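Input: a single structure, listed below in C-alpha coordinates.
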Amino acid sequence: MTGLAQIDAALADHALISLGGFHAEPDDALPEGTRTLLLVGPHQPGFWPHLTAQPEWLDGASDPVDRWSRRVIGRIACDLGAKALFPFGGPPYWPFYTWALRTGRVWSSPVKLLVHDEAGLMVSFRGALALKQQIDLPPPPASPCDSCQTKPCLAACPAAALTGAGYDLPACHAWLDSAAGQDCMSSGCAVRRACPVSARHARMHEQSAYHMRQFHR
(Lines give C-alpha, C1' and ligand atoms only; values in the text may rest on other atoms or scores of the structure.)
Protein backbone atom coordinates (compact mmCIF):
# COMPACT_ATOMS: atom_id res chain seq x y z
CA MET A 1 0.00 0.00 0.00
CA THR A 2 1.20 3.53 -0.75
CA GLY A 3 2.39 5.33 2.36
CA LEU A 4 3.26 8.90 3.29
CA ALA A 5 6.92 8.52 2.29
CA GLN A 6 5.98 7.39 -1.22
CA ILE A 7 3.46 10.22 -1.59
CA ASP A 8 5.99 12.81 -0.44
CA ALA A 9 8.48 11.39 -2.97
CA ALA A 10 5.94 11.91 -5.76
CA LEU A 11 5.21 15.44 -4.52
CA ALA A 12 8.92 16.27 -4.22
CA ASP A 13 9.34 15.81 -7.97
CA HIS A 14 7.21 18.96 -8.30
CA ALA A 15 8.67 20.92 -5.36
CA LEU A 16 5.64 20.07 -3.21
CA ILE A 17 5.25 18.39 0.18
CA SER A 18 2.49 17.17 2.46
CA LEU A 19 2.02 19.70 5.26
CA GLY A 20 -0.22 17.55 7.43
CA GLY A 21 -3.14 15.21 7.23
CA PHE A 22 -5.88 13.48 9.15
CA HIS A 23 -8.09 10.43 9.03
CA ALA A 24 -11.59 11.19 7.84
CA GLU A 25 -14.59 11.39 10.14
CA PRO A 26 -18.24 11.68 9.08
CA ASP A 27 -18.50 15.47 9.63
CA ASP A 28 -15.33 16.46 7.74
CA ALA A 29 -17.15 17.53 4.54
CA LEU A 30 -14.95 15.33 2.36
CA PRO A 31 -15.70 13.53 -0.90
CA GLU A 32 -17.42 10.20 -0.40
CA GLY A 33 -15.00 7.37 0.20
CA THR A 34 -12.20 9.53 1.58
CA ARG A 35 -10.29 7.86 4.40
CA THR A 36 -7.23 10.15 4.65
CA LEU A 37 -6.81 13.78 3.64
CA LEU A 38 -3.35 15.25 3.01
CA LEU A 39 -2.81 18.99 2.62
CA VAL A 40 -0.21 19.86 -0.02
CA GLY A 41 1.95 22.96 -0.19
CA PRO A 42 5.27 24.33 -1.44
CA HIS A 43 8.46 22.47 -0.55
CA GLN A 44 11.10 25.05 0.31
CA PRO A 45 13.66 25.87 -0.85
CA GLY A 46 13.18 25.39 -4.54
CA PHE A 47 9.46 25.81 -5.04
CA TRP A 48 9.53 29.23 -6.73
CA PRO A 49 12.35 28.51 -9.23
CA HIS A 50 10.57 25.27 -10.13
CA LEU A 51 7.17 26.88 -10.56
CA THR A 52 8.42 29.82 -12.63
CA ALA A 53 10.03 27.42 -15.11
CA GLN A 54 6.69 25.68 -15.81
CA PRO A 55 4.57 26.22 -18.95
CA GLU A 56 1.70 27.78 -17.00
CA TRP A 57 4.02 30.53 -15.78
CA LEU A 58 5.65 31.07 -19.16
CA ASP A 59 2.56 31.14 -21.39
CA GLY A 60 1.43 34.61 -20.29
CA ALA A 61 -2.11 33.53 -19.43
CA SER A 62 -3.86 34.42 -16.17
CA ASP A 63 -3.76 32.43 -12.92
CA PRO A 64 -0.52 30.54 -13.60
CA VAL A 65 -0.08 29.24 -10.04
CA ASP A 66 -3.61 27.86 -9.81
CA ARG A 67 -3.46 26.32 -13.29
CA TRP A 68 -0.14 24.65 -12.48
CA SER A 69 -1.55 23.37 -9.18
CA ARG A 70 -4.57 21.83 -10.93
CA ARG A 71 -2.40 20.07 -13.49
CA VAL A 72 0.28 18.75 -11.17
CA ILE A 73 -1.75 17.84 -8.09
CA GLY A 74 -4.52 16.50 -10.31
CA ARG A 75 -2.04 14.18 -12.04
CA ILE A 76 -0.61 12.97 -8.73
CA ALA A 77 -4.14 12.32 -7.43
CA CYS A 78 -5.00 10.27 -10.51
CA ASP A 79 -1.84 8.20 -10.09
CA LEU A 80 -2.83 7.49 -6.48
CA GLY A 81 -6.47 6.76 -7.24
CA ALA A 82 -7.30 9.80 -5.10
CA LYS A 83 -9.20 13.04 -5.67
CA ALA A 84 -7.53 16.45 -5.89
CA LEU A 85 -9.16 19.31 -3.99
CA PHE A 86 -8.18 22.97 -4.18
CA PRO A 87 -8.57 26.10 -2.02
CA PHE A 88 -9.51 28.18 -5.09
CA GLY A 89 -12.09 27.89 -7.84
CA GLY A 90 -15.19 28.59 -5.74
CA PRO A 91 -17.63 29.45 -4.47
CA PRO A 92 -18.32 27.11 -2.87
CA TYR A 93 -14.89 26.60 -1.34
CA TRP A 94 -13.50 23.57 0.44
CA PRO A 95 -12.90 24.29 4.17
CA PHE A 96 -9.10 24.34 4.07
CA TYR A 97 -8.82 26.44 7.25
CA THR A 98 -10.78 23.87 9.23
CA TRP A 99 -8.94 20.98 7.60
CA ALA A 100 -5.59 22.58 8.45
CA LEU A 101 -6.51 22.75 12.13
CA ARG A 102 -7.58 19.08 11.99
CA THR A 103 -4.07 17.98 11.00
CA GLY A 104 -2.56 18.79 14.39
CA ARG A 105 0.34 20.48 12.58
CA VAL A 106 -1.39 23.83 12.07
CA TRP A 107 -2.82 26.19 14.69
CA SER A 108 -4.47 29.58 14.96
CA SER A 109 -1.66 32.00 15.83
CA PRO A 110 -1.92 34.97 18.24
CA VAL A 111 -2.84 37.14 15.21
CA LYS A 112 -5.34 34.47 14.05
CA LEU A 113 -3.39 33.59 10.89
CA LEU A 114 -2.61 29.90 10.50
CA VAL A 115 0.81 28.86 11.77
CA HIS A 116 2.52 25.58 10.79
CA ASP A 117 5.11 23.66 12.79
CA GLU A 118 7.72 23.98 9.99
CA ALA A 119 6.51 26.81 7.73
CA GLY A 120 5.37 29.16 10.49
CA LEU A 121 3.13 31.98 9.30
CA MET A 122 4.38 31.38 5.73
CA VAL A 123 2.24 28.26 5.45
CA SER A 124 0.17 28.01 2.28
CA PHE A 125 -1.72 25.24 0.55
CA ARG A 126 -1.80 24.52 -3.16
CA GLY A 127 -4.28 21.67 -2.81
CA ALA A 128 -5.21 18.48 -1.00
CA LEU A 129 -5.24 14.77 -1.75
CA ALA A 130 -8.37 12.87 -0.68
CA LEU A 131 -7.12 9.29 -0.42
CA LYS A 132 -9.37 6.25 -0.46
CA GLN A 133 -7.05 4.36 1.90
CA GLN A 134 -6.05 5.07 5.49
CA ILE A 135 -2.34 5.69 5.73
CA ASP A 136 -0.17 6.03 8.83
CA LEU A 137 0.45 9.63 9.92
CA PRO A 138 3.12 10.84 12.37
CA PRO A 139 2.04 12.01 15.82
CA PRO A 140 1.30 15.76 15.94
CA PRO A 141 3.97 18.08 17.36
CA ALA A 142 3.45 20.87 19.87
CA SER A 143 2.44 24.29 18.58
CA PRO A 144 5.47 26.56 18.13
CA CYS A 145 3.41 29.38 19.65
CA ASP A 146 3.38 27.53 23.00
CA SER A 147 7.13 28.00 23.41
CA CYS A 148 7.36 31.42 21.76
CA GLN A 149 8.05 33.79 24.64
CA THR A 150 8.05 37.16 22.87
CA LYS A 151 5.31 36.53 20.26
CA PRO A 152 6.75 39.14 17.87
CA CYS A 153 3.85 38.69 15.44
CA LEU A 154 1.62 40.72 17.77
CA ALA A 155 3.60 43.93 17.33
CA ALA A 156 5.19 43.43 13.91
CA CYS A 157 2.65 45.14 11.66
CA PRO A 158 4.03 48.62 10.83
CA ALA A 159 0.50 49.85 10.10
CA ALA A 160 -0.99 48.24 13.23
CA ALA A 161 -3.46 46.65 10.83
CA LEU A 162 -2.89 43.03 11.90
CA THR A 163 -2.73 42.46 15.66
CA GLY A 164 -4.21 40.24 18.31
CA ALA A 165 -7.27 42.50 18.24
CA GLY A 166 -8.07 41.60 14.64
CA TYR A 167 -7.37 42.62 11.05
CA ASP A 168 -8.05 46.08 9.66
CA LEU A 169 -8.07 45.33 5.93
CA PRO A 170 -8.48 48.96 4.72
CA ALA A 171 -5.55 50.06 6.90
CA CYS A 172 -3.43 47.26 5.47
CA HIS A 173 -4.18 48.26 1.87
CA ALA A 174 -3.57 51.93 2.65
CA TRP A 175 -0.17 51.06 4.08
CA LEU A 176 0.73 49.01 1.01
CA ASP A 177 -0.11 52.04 -1.15
CA SER A 178 2.44 54.16 0.73
CA ALA A 179 6.17 54.43 0.14
CA ALA A 180 6.85 52.88 3.55
CA GLY A 181 4.67 49.91 2.65
CA GLN A 182 6.90 48.83 -0.23
CA ASP A 183 8.98 46.67 2.10
CA CYS A 184 5.91 44.52 2.74
CA MET A 185 5.10 44.52 -0.98
CA SER A 186 8.57 43.35 -2.00
CA SER A 187 9.46 41.02 0.86
CA GLY A 188 6.11 39.86 2.21
CA CYS A 189 3.90 40.67 5.16
CA ALA A 190 5.98 41.91 8.11
CA VAL A 191 3.82 39.94 10.54
CA ARG A 192 4.42 36.67 8.70
CA ARG A 193 8.15 37.38 8.53
CA ALA A 194 8.33 38.19 12.25
CA CYS A 195 7.39 34.64 13.26
CA PRO A 196 10.58 32.83 14.41
CA VAL A 197 9.50 29.69 12.54
CA SER A 198 8.84 31.69 9.38
CA ALA A 199 12.34 33.15 9.68
CA ARG A 200 13.76 29.62 9.37
CA HIS A 201 11.54 28.84 6.39
CA ALA A 202 13.29 29.27 3.07
CA ARG A 203 10.56 31.05 1.10
CA MET A 204 12.04 33.37 -1.49
CA HIS A 205 11.10 37.05 -1.36
CA GLU A 206 10.09 36.82 -5.02
CA GLN A 207 7.35 34.36 -4.10
CA SER A 208 6.07 36.59 -1.31
CA ALA A 209 6.17 39.62 -3.61
CA TYR A 210 4.07 37.83 -6.23
CA HIS A 211 1.40 36.90 -3.70
CA MET A 212 1.39 40.40 -2.25
CA ARG A 213 0.72 41.79 -5.73
CA GLN A 214 -2.15 39.37 -6.16
CA PHE A 215 -3.55 40.39 -2.77
CA HIS A 216 -3.13 44.15 -3.34
CA ARG A 217 -4.56 44.63 -6.81
Side-chain angles (χ1 to χ4, degrees), residues 2-22 36-58 63-89 94 96-97 99-107 109 113-131 133 135-144 187-189 192-193 195-215:
T2 302
L4 184 58
Q6 292 91 335
I7 294 171
D8 269 334
L11 292 169
D13 288 340
H14 304 280
L16 293 167
I17 193 170
S18 60
L19 294 172
F22 58 88
T36 306
L37 187 84
L38 294 178
L39 298 183
V40 174
H43 189 191
Q44 307 289 7
F47 172 76
W48 199 243
H50 176 84
L51 173 73
T52 54
Q54 299 305 304
E56 290 84 358
W57 185 267
L58 300 172
D63 301 319
V65 183
D66 291 351
R67 289 188 292 116
W68 174 84
S69 300
R70 284 194 183 277
R71 174 174 65 84
V72 170
I73 299 175
R75 180 70 265 171
I76 292 171
C78 286
D79 291 344
L80 293 170
K83 185 174 179 60
L85 311 174
F86 300 97
F88 49 83
W94 293 104
F96 270 74
Y97 189 100
W99 289 347
L101 297 177
R102 283 271 283 115
T103 69
R105 293 187 60 190
V106 182
W107 302 265
S109 70
L113 298 176
L114 290 177
V115 60
H116 184 264
D117 65 303
E118 293 182 356
L121 291 176
M122 292 295 185
V123 64
S124 65
F125 305 109
R126 294 312 318 151
L129 295 170
L131 306 171
Q133 69 267 36
I135 65 171
D136 291 336
L137 299 172
S143 167
S187 299
C189 170
R192 295 182 189 273
R193 286 183 282 144
C195 171
V197 183
S198 297
R200 301 193 297 268
H201 190 58
R203 179 194 272 197
M204 295 179 67
H205 283 179
E206 292 85 348
Q207 180 180 348
S208 292
Y210 172 80
H211 289 296
M212 290 299 290
R213 292 194 299 272
Q214 298 305 300
F215 163 70

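Just so we're clear, the structure is a prediction, and the values are computed from it rather than from any experiment.
Distance check: Q44 CD to L16 CG gives 10.0 Å after rounding to the nearest 0.5 Å. The CZ atom of R203 sits 9.0 Å away from the CZ atom of F47 when rounded to the nearest 0.5 Å. Expressed to the nearest 0.5 Å, how far CG of L4 lies from CG of D136 amounts to 9.0 Å. Atom-to-atom distance recorded for L11:CG and L38:CG is 8.0 Å, nearest 0.5 angstrom. Remark: Q214 CD to H211 NE2 distance equals 8.0 Å, nearest 0.5 Å. The line from CE of M122 to OG of S208 is 4.5 Å long, rounded to the nearest 0.5 Å.
Between C195 and H201 there is no side-chain heavy-atom pair separated by less than 4.5 Å. When side chains are defined from C-beta on, T103 does not count as touching L19, because their heavy atoms never get closer than 4.5 Å. Using a 4.5 Å cut-off on side-chain heavy atoms (C-beta onward), L85 and L37 make contact. Under the 4.5 Å side-chain criterion, counting only non-hydrogen atoms from C-beta, T2 is in contact with L80. Counting only heavy atoms from C-beta outward, the side chains of I7 and I135 approach each other to under 4.5 Å.
Residue P64 comes nearest to E56 through the heavy atom pair CB-O, 3.2 Å, listed as atom of the first residue, atom of the second, then distance. Closest heavy-atom contact between A53 and L58: O-CD1, 3.6 Å. Scanning all heavy atoms of the two residues, the minimum distance from L113 to S109 falls at O-OG, 2.7 Å. Shown here for W68 and Q54, the closest heavy-atom pair between the two residues is NE1-CG, 3.3 Å. Heavy-atom minimum distance, R70 versus G89: NH2-CA, 3.8 Å. Looking at every heavy atom in both residues, A77 comes nearest to L129 through CB-CD2, 3.8 Å.
For residues 122-131, the set of pairs meeting the side-chain hydrogen bond (donor to acceptor under 3.5 Å, both in side chains) definition, not counting sequence neighbours, comprises D66-R126, S69-R126. For residues 74-87, the salt bridge (Lys or Arg N to Asp or Glu O under 4.0 Å) pairs, not counting sequence neighbours, are R75-D79.
Checked by atom type and distance alone, the side chain of H14 never pairs as donor or acceptor with a backbone atom of V72 at under 3.5 Å. The backbone N or O of S18 lies less than 3.5 Å from a partner atom in the side chain of D8, making a donor-acceptor pair. For the pair R105 (side chain) and D117 (backbone), a donor-acceptor distance under 3.5 Å is absent. In this structure, T36 contributes its side chain and Q133 its backbone to a donor-acceptor pair below 3.5 Å.
Legend: residues meeting ring pair (Phe, Tyr, Trp, His ring centres under 6.0 Å) with W48, ordered by chain and number and at least two apart, are W57, Y210.
The residue from F86, W99, F88, F125 that alone fulfils the ring pair (Phe, Tyr, Trp, His ring centres under 6.0 Å) condition with W94 is W99.
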